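Report on the structure given below.
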Amino acid sequence: MKKIVTLIGLALILQACKSDQSESTTEPKDAVELTVAEKIANRYGIENWNEVETIKFTFNVNKDSSHFERSWEWYPKTNDVVLKSSTDTLRYNRSNIDSTFINADKAFINDKYWLLTPFNLVWDSGTTISNPEKETTPLSKKLLNKITLTYNNEGGYTPGDAYDFYYNNDYIIEEWVYRKGNSPTPSMMTTWENNKAFNGILVPMSYKKTEDNWELVFTNVSIE
């Protein structure tokens, strides 16, 4: 039981934010106008977002011999959400959340954020994004491009957090650092692994820590 509780805590560590202010539409821009954040989001297929009707996925966290998972169905155009766990199924709409659904919604925002992180670079308001710079990554020690996304201190489930994104010249993210409350000390660092396209939307299928036997994996992914 202790390991499972620990895993749940790890699984929820990024349940930031991220109040989905503008997920429903994304207008394309001329290439000459694109910011780095928009170039990254485009590389992951955000131009196909308006065609998405249904997203299904299972969020898994493995640490040593312990395993934690929960499965989701999301209908972005209506914002209906279905949570499926080993013991229960919960249905709710994100436009009508009360105390009954708040914990489920925190888990949903966390898990969806991992799944579609590059889109949040352009979806979320109340953020600042640094100018790009070259920097050696903390895990692989590669020289990559870096931008930092910082949330303001108001709104969302865990405001004030910061994320350092390390991406290559093809605008593919290879590593990131999560810093709770914009602390200078990393709260979590992982690599991005095994990108896979689903109807034009690119998803990192796993995240790994290099100094811990920990991996976050997506299974049963469907984007239609």
Side-chain angles (χ1 to χ4, degrees), residues 3-4 6-18 20 23 40-46 48-49 51-76 79-90 94 103-124 139 149 157 163 165-168 171-178 187-210 212-224:
K3 284 189 176 181
I4 294 174
T6 301
L7 281 174
I8 293 173
L10 283 169
L12 292 176
I13 194 169
L14 292 188
Q15 63 182 212
C17 61
K18 297 66 174 176
D20 311 331
E23 290 171 353
I40 293 173
N42 282 354
R43 183 64 180 84
Y44 283 82
I46 200 169
N48 299 308
W49 178 253
E51 306 302 318
V52 174
E53 301 285 345
T54 307
I55 296 180
K56 299 178 182 179
F57 64 96
T58 300
F59 174 92
N60 307 266
V61 175
N62 300 310
K63 180 174 171 55
D64 299 324
S65 61
S66 298
H67 175 78
F68 167 79
E69 70 177 62
R70 56 192 167 214
S71 297
W72 300 95
E73 294 179 11
W74 178 33
Y75 303 85
N79 241 341
D80 290 308
V81 175
V82 181
L83 165 61
K84 297 180 179 180
S85 67
S86 59
T87 58
D88 198 10
T89 298
L90 180 65
R94 298 205 65 246
N103 287 334
D105 195 58
K106 288 180 179 180
F108 171 71
I109 292 301
N110 176 77
D111 298 2
K112 177 183 68 65
Y113 197 81
W114 285 92
L115 185 77
L116 300 173
T117 295
F119 294 178
N120 289 282
L121 288 167
V122 297
W123 275 346
D124 290 350
L139 298 177
L149 171 69
Y157 289 128
Y163 301 81
F165 293 87
Y166 297 87
Y167 61 97
N168 61 32
Y171 298 97
I172 292 293
I173 300 166
E174 296 191 17
E175 297 180 21
W176 70 343
V177 174
Y178 164 61
S187 304
M188 176 179 283
M189 302 185 293
T190 73
T191 60
W192 292 41
E193 310 276 350
N194 190 24
N195 294 310
K196 186 175 180 180
F198 298 87
N199 285 325
I201 293 178
L202 196 64
V203 173
M205 299 297 287
S206 69
Y207 298 83
K208 293 181 179 180
K209 295 182 182 180
T210 57
D212 193 2
N213 189 22
W214 183 97
E215 183 178 18
L216 188 155
V217 182
F218 289 111
T219 56
N220 306 316
V221 178
S222 173
I223 300 178
E224 299 177 350

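Remember, it's a predicted structure, so these values are computed and weren't measured experimentally.
Listed by chain and number, the residues in a side chain to side chain contact (heavy atoms under 4.5 Å, CB included) with S86 amount to none (sequence neighbours excluded). Partners of T58 by side chain to side chain donor-acceptor pair (under 3.5 Å), not counting sequence neighbours, listed by chain and number: S71, N220. Annotation: ring pair (Phe, Tyr, Trp, His ring centres under 6.0 Å) contacts of F165 (sequence neighbours excluded): W176. Listed by chain and number, the residues in a side chain to side chain donor-acceptor pair (under 3.5 Å) with E175 are T137, S140 (sequence neighbours excluded). By the salt bridge (charged side-chain N to carboxylate O under 4.0 Å, His left out) test, E174 is found to be paired with K142, residues two or more places apart in sequence or in another chain being considered. Under the salt bridge (charged side-chain N to carboxylate O under 4.0 Å, His left out) criterion, K56 pairs with no residue, sequence neighbours left out. Considering only residues two or more places apart in sequence or on other chains, N48 meets the side chain to side chain donor-acceptor pair (under 3.5 Å) condition with none of them. The side chain to side chain donor-acceptor pair (under 3.5 Å) test applied to E53 returns no partner, not counting sequence neighbours.
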Under 3.5 Å donor-acceptor pairs involving side-chain atoms of residues 193-204, not counting sequence neighbours:
unit_1 : atom_1 : unit_2 : atom_2 : d
E193   : OE2    : T191   : OG1    : 2.6
N199   : ND2    : I223   : O      : 2.5

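Panel note: side chain D88, backbone K84; no donor-acceptor pair is recorded below 3.5 Å.
Checked against the 6.0 Å centroid threshold, F59 and F108 do not count as a close aromatic pair. Ring pair W49/W123: centre-to-centre distance below 6.0 Å.
Here the side chains of M205 and V217 are not in contact, with every heavy-atom distance at 4.5 Å or above.
Rounded to the nearest 0.5 angstrom, K112 NZ and R94 CZ are separated by 6.5 Å.
Side-chain polar atoms of D111 and W72 form a donor-acceptor pair below 3.5 angstrom.
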Q) Step by step, would you call Y163 with Y113 a ring-ring contact (aromatic ring centres under 6.0 Å, His included)? A) CA-CA 12 Å; Y163 301 81; Y113 197 81; 5.5 Å; yes
